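Working notes, structure below.
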Protein chains: 2
Amino acid sequence: MANLGIKDIAALANVSPATVSRVFSAPDMVSKKTLNKVKKVIDEVGYRPNRMGASLRTRKSGNIVAIIPDITNPVNAGIIRAIEQGAQSAGYSVLLGDTQGLEEREQHYADLVSHGQADGILLFCSRIPFKTDPNKSLLEQLPPMVNGNERIDSDEVVQVAVDNVAAAKSAIDYLISLGHKRIAAITGPDDIASSNERLEGYQLALKEAGIELDSALQLEGDYVVESGMDCASQLLLLPQRPTAIFCFNDDMAIGVMKFLQKQGFVVPDDISVMGFDDINYAKYVTPSLTTVHQPLNEIGSTCIELLLKQLKGQVVEPGRRYLPFELKLRGSTGKAPK
Amino acid sequence: MANLGIKDIAALANVSPATVSRVFSAPDMVSKKTLNKVKKVIDEVGYRPNRMGASLRTRKSGNIVAIIPDITNPVNAGIIRAIEQGAQSAGYSVLLGDTQGLEEREQHYADLVSHGQADGILLFCSRIPFKTDPNKSLLEQLPPMVNGNERIDSDEVVQVAVDNVAAAKSAIDYLISLGHKRIAAITGPDDIASSNERLEGYQLALKEAGIELDSALQLEGDYVVESGMDCASQLLLLPQRPTAIFCFNDDMAIGVMKFLQKQGFVVPDDISVMGFDDINYAKYVTPSLTTVHQPLNEIGSTCIELLLKQLKGQVVEPGRRYLPFELKLRGSTGKAPK
DNA sequence: CTGAAAGCGCTTACAG
DNA sequence: CTGAAAGCGCTTACAG
């Protein structure tokens, strides 16, 4: 396991380092005979080209960095898995940037690009993690980047997501079609763009149906199960309880159901509960959770594909690309009680 | 955003590149005055040292690679999150190697070390992803590495995990204490070391209690919910049904419960169900799942800590380190029916 | 406290 | 089809 370099291989094979390099990067340019000779040496000594040397020279690290709030969230994990596959088969490795929602960490990971440690960014949050010069167009200041799932408020960024407004609207439309009129919403944190979009869809649907908005029915959660429980308890204390609760993610919906059941309510007979995401466990809670399915695989693969294109130097039109969501009707929603 | 290098900064600040380098790596060696002068220039032009240059020179990439079967599995995700935190605060970045259980991918990611793209390996599977020379000791052929969660059959590897034998045994002991005698086991795939260890614990507990092993009660699953359902259906077809089912992970336990309930059985009155892992959702299924808790955070942080030590050149004693498991008694287990 | 110089391991026009 | 040479951006003994 000595540490042989390209020069050593060249010497052993009686060729120049340039030729050894070509054996890897452009074998067609090397004569069959030389190729075999060099390959034999490489095999014998187990030579592995040092990527750092190549990276320094080509100014390409071969890495991309994925910046996500929390890998523990099944939505993120599903997306990351797809990204990893796509990156791998294109010869890229992915650096995991789990930020726990902290802006400084988002910046830390985005900085990997300016330090040459990564060639592009997959960004799953709603801030641009750079200091940008407002006098210049964003586009020319940005490294190769795709913003997934979340929404950055700029037309100059390549974005991939579900249409959260439409998705939330269709969820509420469905509840309305079941006769519900008092429909509560448990949102995510209000600095999360996708949550605000879902809220927009919720309000839009109610307005269109001529149902007045009631701010008491609009609670801010933080996307964890416990927060669903808390909000459910607040909702039950209301003089006029909701007959349906739309949660902006499945975890909170699971919390809501758990709390309602603990209090002796029957879901969906007394109160309907609806989630968002369609995580794997949504099917397996009792009753099974009606929710909005997000195509995690497709989101991930589209993101990496668009980033890879940029990395190849192709032009990728900035702007949003919507992927289809799907309403999954299951057991947690039902007709509004009389 | 021009691409200035260390030489440019040196020129602008009227110092040598060596001094600029020291401003980052050894500021104590630089006089206050020079330090400020250089820092000012760095700030003004927004200089970011190129990591590839440094890496090539120091032969340290600053990356570690985490090799895991599936990031979508909550157990892995929890561990990875802890790893990421530890790595980050030590100045390392983590490359995500999601292998989908494929040996070739394990090797691909392990190879990043021989290519200088990573300095160490966190390995969460039960194969050594290198060609090793059986004549030499493993120890001297291995890069800095920690084997987490899974078990590689060698005393020369640093390993961190729960004692799966003891954990499974204590789970079964508990079921036995509830009066169960026909206890089924739904294992993981038989090439997974931790699954085999759990099986060992299961068998040990039964033997100690003088209960004869019944191979009909021992089914191989593959750790997904659907596989729990399949196995449950096989178990129900048995002339002598089990009164308790121990699943080697929570996902399969969730599948088992779902299937039993669909068939009209009451958990735990008719049949008790026990899981392993204590994923977040274990608390929230109905009934809540009795299971063996694994300390994901601690597993992850211990792994990264031990790797970091090796990376610093400290000697880490090879061998296994056990982290404490904990039986979580919840609603899915109860007294054996008469 | 500071600088000149060598070199980490590659790749790539360029010339032949 | 092949090689000599320059250089990517750093760091680090060494000397002063």
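Letters go in sequence order (proteins before strands), and every chain restarts at 1. Because the structure is a prediction, the values reported are computed rather than measured.
Residues B/Ile9 and B/Val23 have side chains not in contact (no heavy-atom distance under 4.5 Å, counting atoms from C-beta outward). Looking only at side-chain heavy atoms (C-beta outward), B/Phe130 and B/Met145 come within less than 4.5 Å of each other. Using a 4.5 Å heavy-atom cutoff, the side chains of B/Asn149 and B/Val75 are in contact.
When all heavy atoms are compared, the tightest approach of B/Pro69 to B/Phe124 is CD-O, 3.4 Å. Nearest heavy-atom pair across A/Ala118 and A/Leu95 is CB-CD1, 4.3 Å. Across every non-hydrogen atom of A/Ser137 and A/Glu156, the tightest pair is CB-OE1, 3.5 Å.
Contact check, A/Thr34 against D/dC1: no side-chain N or O comes under 4.0 Å of OP1 or OP2. An OP1 or OP2 oxygen of D/dG3 is reached within less than 4.0 angstrom by a side-chain nitrogen or oxygen of A/Ser16.
Between the NZ atom of B/Lys33 and the C1' atom of C/dT2 there is a distance of 13 Å, rounded to whole Å.
Distance SG/B/Cys303 to CG/B/Leu122: 5.5 Å, rounded to 0.5 Å.
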Watson-Crick or G-U pairs under 3.5 Å in DNA chain C, rendered as dot-bracket with [ ] for crossing pairs and | for another strand: |||.||||||||.|||
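Comparing D/dG9 with D/dA13, their P atoms are spaced 23 Å from each other, to the whole Å.
Looking at heavy-atom distances under 4.0 Å, A/Asp28 makes contact with sugar-phosphate atoms alone, never a base.
Evaluation of the side-chain contact (heavy atoms from CB on, under 4.5 Å) rule for A/Thr58 yields A/Lys60 as partners, not counting sequence neighbours.
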Could you run through nucleotides 6-12 of chain C and give me one letter per nucleotide, 5' to 3': B if any protein heavy atom sits under 4.0 Å from the base, S if only the sugar-phosphate is that close, - if neither? BBBBBBB
